[in-house]
Amino acid sequence: MKVLVVEDERDLGRLLKEFLEREGFVVETAADGEEGLYMATSGPFDVIVLDILLPKLNGWQVLEGIRSSGSKIPVLMLTALDGIEDKVKGFYLGADDYLSKPFDIRELVVRIQSLLRRSQPVGTPSSILKVGDLALDMSLKTVIRGNERIALRKKEYQILEYLMLNSGRVVPKSELEEHLWNEDDELWSDVIRSHIKNLRKKIDGGHKKKLIKTVRGMGYEISDR
Ligand code: CA
């Protein structure tokens, strides 16, 4: 899952990037509103963390720009302002959530996860994603199939989480690349295929029902159909 952090305070921006990356997100940052709006409307992001007081364009203007481009990407606004009017304005302009500074960074992670899960069917419990007898806990970063806990490497986990958040849909390889790697990451040609191969061994190995499917020429899908 790729997060765009638009924040002009360098230290906070760096801290957020570090922390979110440790939590398994791929993170890019923008240091002013103009850059933020450009990246938000041109890049493959899954969620945007947007400060309000920014140089060049403020957070409101960035949010307006994002929404008027037709993008429905979840946006979480960060601000030092705590007035109810600001919250109302934020929601009116199409913000999905709101967090006042100073905030607990773990709270930010929980909010981001809940925004990402909005596309999940209603009634699925808090941080759990399920496909058949496979369950992934986005908070604990644990994966269980049946009664068996499965240990995954970081990138394998990220791929599985992305496929599960998009379960029932074929995800092209290029989409995995865009959402799970940074633009400046070295990406050797067969890296995704090799991760999928390992995932398949760990998730589907020994099970009659195979959950991870390759749709030839199109991409990968996880489903229990
Ligand atoms: Ca600021």
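Whatever order the structure lists them in is the order used to number ligands and atoms, beginning at 1. Just the heavy atoms: all of them, side chains too, but no hydrogens, waters or symmetry mates, feed the values below.
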Residues D137 and S127: side-chain donor-acceptor under 3.5 angstrom: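 Yes - a donor-acceptor pair under 3.5 Å links their side chains.
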Side-chain heavy-atom pair Y220, V170 within 4.5 angstrom cut-off: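 The answer is no, as the side chains (C-beta and beyond) never meet within the 4.5 Å cut-off.
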With the Ca ion (ligand 1) as the apex, the OD1/O angle for D8 and L53 - to 10°: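 The angle at the Ca ion (ligand 1) comes to 90°, rounded to the nearest 10°.
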Any N, O or S atom of E9 closer than 3.0 Å to the Ca ion (ligand 1):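 It does not; every qualifying atom lies at 3.0 Å or beyond.
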Considering only N, O or S atoms of D51, the one closest to the Ca ion (ligand 1):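 Of the nitrogen, oxygen and sulfur atoms in D51, the Ca ion (ligand 1) lies nearest to OD2.
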Ion pair D133/K209, N-O distance below 4.0 Å: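 Salt bridge flag = no for K209 with D133.
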K154, NZ: over 12 other non-hydrogen atoms inside 6.0 angstrom: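 It does: K154 NZ has more than 12 such atoms within range.
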